[in-house]
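Values in this document were obtained by computation on a predicted structure and should not be read as measured data.
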Amino acid sequence: MSDHHDILERALASGDKDAITSAYREWAAKYDADLTGKMDYVAPAIAGGLLMEHLDDPSAEVLDAGCGTGLAGACLHRAGYRLLDGLDYSVDMLEQARAKGIYRSLDQGDLTSRLAIADDRYDAVLCVGTFTCGHVGPQALHELIRITRPGGHICFTVRDRAWAEDDYAREIAAITDAGRWQEIETRTTDYIREEGSQGQVCLYRVA
C-alpha cells in the first residue's frame, strides 16, 4: 500500500472522480492517524473554532459539507453541538465518520452538483478540506449559500494552492458584490503543518 504522502498527492493531482474515490477508499481507515497524528492537519480545528466564535448556539443545525471521516464535525461535537449532519462524496470516508457517532445523519453527495437539500435548510455550513486541488472548485460556494438560511454562517477552508490556481478571490468577490453574503473574517492559517502548507479560513454570513 502507498504511504500517506503518495495517497494525498494522488487525491490532489487527479481531478478525476473515480481516481479520487479510489484514493480515499485506500486511505479511509488510516486517514485520521495519518493526517492528525503524522502530518498535523490543523485546518479542521481552526475552522471549527472560528465558526463557534460566531455561532454560540449549540442547538443550531449544522451541515459538515465534505465531512470526510468527521475531523471537523468532532470539534463541534466536543463543544456540545449535537444537530450535526454530514455529507461526503466518499462512502468509505462516511463509514469512518459513522463509527464516531457524532452525526445526526450522514449522506453521500457531490458538491459539484445540486444537492438533495432544501433551500435555507441549515443554520450554518462548515466545509473543511474540500475546496482543494482536484476536488471541488469555487462554484460550489453558491450551493452552500443556497442551503444556508438568511443570517446563517458559512465557514470554509481553501488550500493555498487551490486558492491561487482556481482564483477563489475573484469568485468570492463576485458573490460579495452581488449581495449574497457578507464577510465576517478571512485569515491565512496553517493547513497541514508537516508539509508547510497554508490555507485561507473564511467565515461569511448569508444575506
Side-chain angles (χ1 to χ4, degrees), residues 4 8-9 11-13 15 20 24 27 31-32 34-36 39-55 62-79 81 84-90 93 97 109-112 115 122 124-145 147-148 152-173 175-176 181-206:
H4 51 280
L8 177 59
E9 281 307 310
L12 295 180
I20 292 170
Y24 284 118
W27 200 8
Y31 184 86
D32 287 9
D34 285 344
L35 269 181
T36 61
M39 301 182 74
D40 202 9
Y41 178 42
V42 294
I46 292 170
L50 177 59
L51 177 61
M52 288 186 289
E53 286 178 20
H54 298 270
L55 182 71
V62 181
L63 177 68
D64 186 357
C67 64
T69 62
L71 294 176
C75 297
L76 271 65
H77 189 268
R78 285 193 294 269
Y81 292 76
L84 300 175
D85 294 337
L87 177 88
D88 200 85
Y89 187 73
S90 167
M93 300 288 270
D110 184 353
L111 283 167
T112 66
L115 300 172
Y122 287 99
V125 174
L126 180 63
C127 188
V128 180
T130 302
F131 293 110
T132 188
C133 307
H135 284 52
V136 175
Q139 283 297 317
L141 292 169
H142 296 271
E143 189 65 357
L144 300 188
I145 293 170
I147 64 174
T148 305
H153 295 84
I154 299 174
C155 185
F156 60 96
T157 64
V158 185
R159 187 181 173 94
D160 49 4
R161 282 165 49 189
W163 182 270
E165 291 172 4
D166 295 330
D167 202 358
Y168 275 82
R170 180 177 180 177
E171 189 65 36
I172 288 171
I175 295 171
T176 303
W181 64 12
Q182 298 89 36
E183 180 184 15
I184 297 175
E185 184 173 347
T186 297
R187 65 174 75 155
T188 301
T189 71
D190 290 343
Y191 195 81
I192 300 176
R193 284 179 174 155
E194 187 213 42
E195 64 180 19
S197 59
Q198 292 188 313
Q200 299 297 313
V201 178
C202 309
L203 181 66
Y204 283 79
R205 180 181 293 111
V206 175

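Here the side chains of Leu111 and Leu87 are in contact, with some heavy-atom distance below 4.5 Å. Side-chain atoms of Leu126 and Tyr81, non-hydrogen and from C-beta on, never get closer than 4.5 Å to each other. Looking only at side-chain heavy atoms (C-beta outward), His77 and Leu84 come within less than 4.5 Å of each other.
When the salt bridge (charged side-chain N to carboxylate O under 4.0 Å, His left out) test is applied to Asp166, no partner is found at least two apart in sequence or on another chain. In terms of the salt bridge (charged side-chain N to carboxylate O under 4.0 Å, His left out) criterion, Glu53 has no residue partners (sequence neighbours excluded). In terms of the salt bridge (charged side-chain N to carboxylate O under 4.0 Å, His left out) criterion, Asp160 has no residue partners (sequence neighbours excluded). The side chain to side chain contact (heavy atoms under 4.5 Å, CB included) check on Ser90 picks up Tyr24, Asp88, Asp92, Met93, with sequence neighbours excluded. Tyr31 is linked by a ring-ring contact (aromatic ring centres under 6.0 Å, His included) to Trp27, counting only residues two or more places apart in sequence or in another chain. With sequence neighbours excluded, no residue forms a salt bridge (charged side-chain N to carboxylate O under 4.0 Å, His left out) with Arg205. Residues forming a ring-ring contact (aromatic ring centres under 6.0 Å, His included) with Tyr204 (at least two apart in sequence, or on another chain): Trp181. Annotation: side chain to side chain contact (heavy atoms under 4.5 Å, CB included) contacts of Asp167 (sequence neighbours excluded): Ala169, Arg170. For Tyr191, the ring-ring contact (aromatic ring centres under 6.0 Å, His included) partners are Tyr41, not counting sequence neighbours. With sequence neighbours excluded, the residues that form a side chain to side chain contact (heavy atoms under 4.5 Å, CB included) with Asp85 are Leu63, Arg104, Ser105, Arg121, Tyr122. For Glu171, the side chain to side chain contact (heavy atoms under 4.5 Å, CB included) criterion is met by Pro138, Gln139, His142, Ile175, not counting sequence neighbours.
Taking the six-membered ring for Trp and thresholds of 30 and 60 degrees, His54 and His153 have ring planes inclined between 30 and 60 degrees apart.
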Item checked: Derivation and outcome, side chain to side chain contact (heavy atoms under 4.5 Å, CB included), residues Val201 and Cys155 -> CA-CA 7 Å; Val201 178; Cys155 185; 4.3 Å; yes
Item checked: From CA spacing to verdict: salt bridge (Lys or Arg N to Asp or Glu O under 4.0 Å), Arg161, Glu195 -> CA-CA 13 Å; Arg161 282 165 49 189; Glu195 64 180 19; over 6 Å; no
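Here salt bridge (Lys or Arg N to Asp or Glu O under 4.0 Å) pairs that include residues 125-145, with residues two or more places apart or in two chains, are Glu143-Arg146.
Taken from CG in Asp64 to SG in Cys127, the straight-line distance is 8.0 Å, to the nearest 0.5 Å. Between the CD1 atom of Ile192 and the CE atom of Met39 there is a distance of 4.5 Å, given to the nearest 0.5 Å.
Side chain of His135 to main chain of Cys133: a donor-acceptor pair is present (N/O by atom type, distance under 3.5 Å, no hydrogens or angles).
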